[in-house]
Amino acid sequence: MSDYQTTPIRVERSRDTPRQRVSTSLDTNGSLGIGGVRNDWTREEIAALFELSFTELLFRAATVHRAHHAPDQVQFCTLLSIKTGGCPEDCGYCSQSVKADSGVAATRLMDVREVLQSAARAKDAGSQRFCMGAAWRNPKDRDMPAICAIVKGVRAMGLETCMTLGMLTPRQADMLAEAGLDYYNHNIDSSPEYYERVITTRSFGERLDTLANVRASGINVCSGGIVGMGETRADRVGFIHTLATLPRHPESVPVNALVPVKGTVLGDMLAGTPLAKIDDIEFVRTVAAARIAMPLSMVRLSAGRESMSEATQALCFLAGANSIFTGDKLLTAPNAGDDNDAALMAKLGLTALEGAEPLRSMALDETTVA
Ligand code: SF4
């Protein structure tokens with residue numbers, strides 16, 4: 001089974017542009033300053049970012065972005081579903097839930113060798129990180145040896161690894177850390193208030209517990225959410241506020257636009273309404289607010305990108321998005337496709353990320369100092 005095209009993403013490495021110096025200072029430059037890393041954001045401050053004129057917001061986000069990241073570089077990640085469908089959770093947006101009538105068939109966990117073959121294709125296609133998702137409430141302990149073998153195998157290929165397997169116990173997080181997992185993805189999805197209207201089978205608090213277990217194990221945290229689920233702007237503020245006030249910001253923050261799938265609760269609820277697609281400008285505002293509130297994190301344009309115009313994606317990059325999923329499929333949802341991405345990167349003059357991510361560099365510095 002292959003979810004991915006093998007056409008390499010032909011992106012030029014930047015030769016003439018000097019590498020952006022990455023600042024890892026922990027100063028606090030004020031709520032709308034250019035780069036102080038803060039964990040004491042208030043909802044009012046985040047809301048004030050959303051209220052700025054679009055031009056002012058983008059200017060500030062771009063200023064913060066270039067203070068910490070190379071503004072012409074984008075990270076390429078590939079996402080593979082290693083266990084699809086049949087999930088007992090009831091996430092209202094997800095076609096893999098047993099509660100959804102979406103026609104997604106349940107599969108078993110993929111064979112280790114099969115996963116490694118997909119990873120090799122992703123690497124050949126120019127991917128830098130291989131993310132793997134399993135539609136589980138949580139992994140069973142009996143699954144852990146195979147999962148750890150996959151992590152070790154993908155890492156041995158020189159790819160970064162990320163897993164999203166549902167809730168993790170501290171022991172499972174430690175096992176993944178020992179296997180060398182670089183990142184664990186566990187999204188908070190939305191504000192605490194709106195979350196409860198989308199998912200009932202596990203609480204927002206349980207999501208935060210898993211993030212804490214991942215953080216304690218030393219694995220880098222990937223956590224973001226979905227916009228366009230019918231939530232209000234106040235919920236988008238609450239979503240960013242939750243992430244930006246974690247004890248340490250996630251190293252990676254995926255921002256998804258809902259892909260409404262027929263048969264899912266949200267897909268059916270929003271179909272034919274004005275809420276069926278998030279407004280492009282509001283989506284860019286959300287990316288910009290995430291960039292300003294979490295200056296050192298990688299902000300990833302994730303699901304929903306294939307239905308975005310090139311101009312909207314360009315605005316997102318200007319607003320501080322600097323990571324994308326490549327390939328023509330994201331788990332079960334369609335994605336932009338490598339050829340389209342290569343053409344867009346060339347058109348925008350963007351190149352593949354070189355060097356370490358700012359938050360991870362900072363962690364290394366801290367280790368060295370300690
Ligand atoms: S989002 Fe994840 S946990 Fe929720 S139903 Fe889908 S696969 Fe299950």
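In this text the structure is predicted, and so the values were computed from the model without any measurement. Quick note: numbers below take in every heavy atom, side chains included, and nothing from hydrogens, waters or symmetry partners. Order of appearance sets the numbers: ligands from 1, and atoms from 1 within every ligand.
Relative ring orientation between H65 and H69 is described as parallel, the plane-to-plane angle staying below 30° on a 0-90° scale split at 30° and 60°.
With hydrogens and angles ignored, the 3.5 Å screen pairs no side-chain donor or acceptor of N185 with any backbone N or O of M163.
Within the 4.5 Å cutoff, no side-chain heavy atoms of N322 are placed close to those of Q75.
Around atom 6 (Fe) of ligand 1, the protein N, O or S atoms closer than 2.8 Å are C94 SG, listed by chain and residue number.
Note on residues 97-108: no pairs pass side-chain hydrogen bond (donor to acceptor under 3.5 Å, both in side chains), not counting sequence neighbours.
The protein heavy atom nearest to atom 2 (Fe) of ligand 1 is R202 NH2, 4.3 Å.
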Identify every side-chain donor-acceptor pair in residues 150-159 under 3.5 Å, counting partners at least two apart or on other chains, and give the distances.
residue, atom, partner, partner atom, Å
R155, NE, G180, O, 2.8
R155, NE, D182, OD2, 3.3
R155, NH2, D182, OD1, 3.2

Enumerate donor-acceptor pairs with a distance under 3.5 Å from any side-chain N or O in residues 141-149 to protein atoms, sequence neighbours excluded.
residue, atom, partner, partner atom, Å
D141, OD1, Q172, NE2, 3.1
D143, OD2, K140, N, 3.0

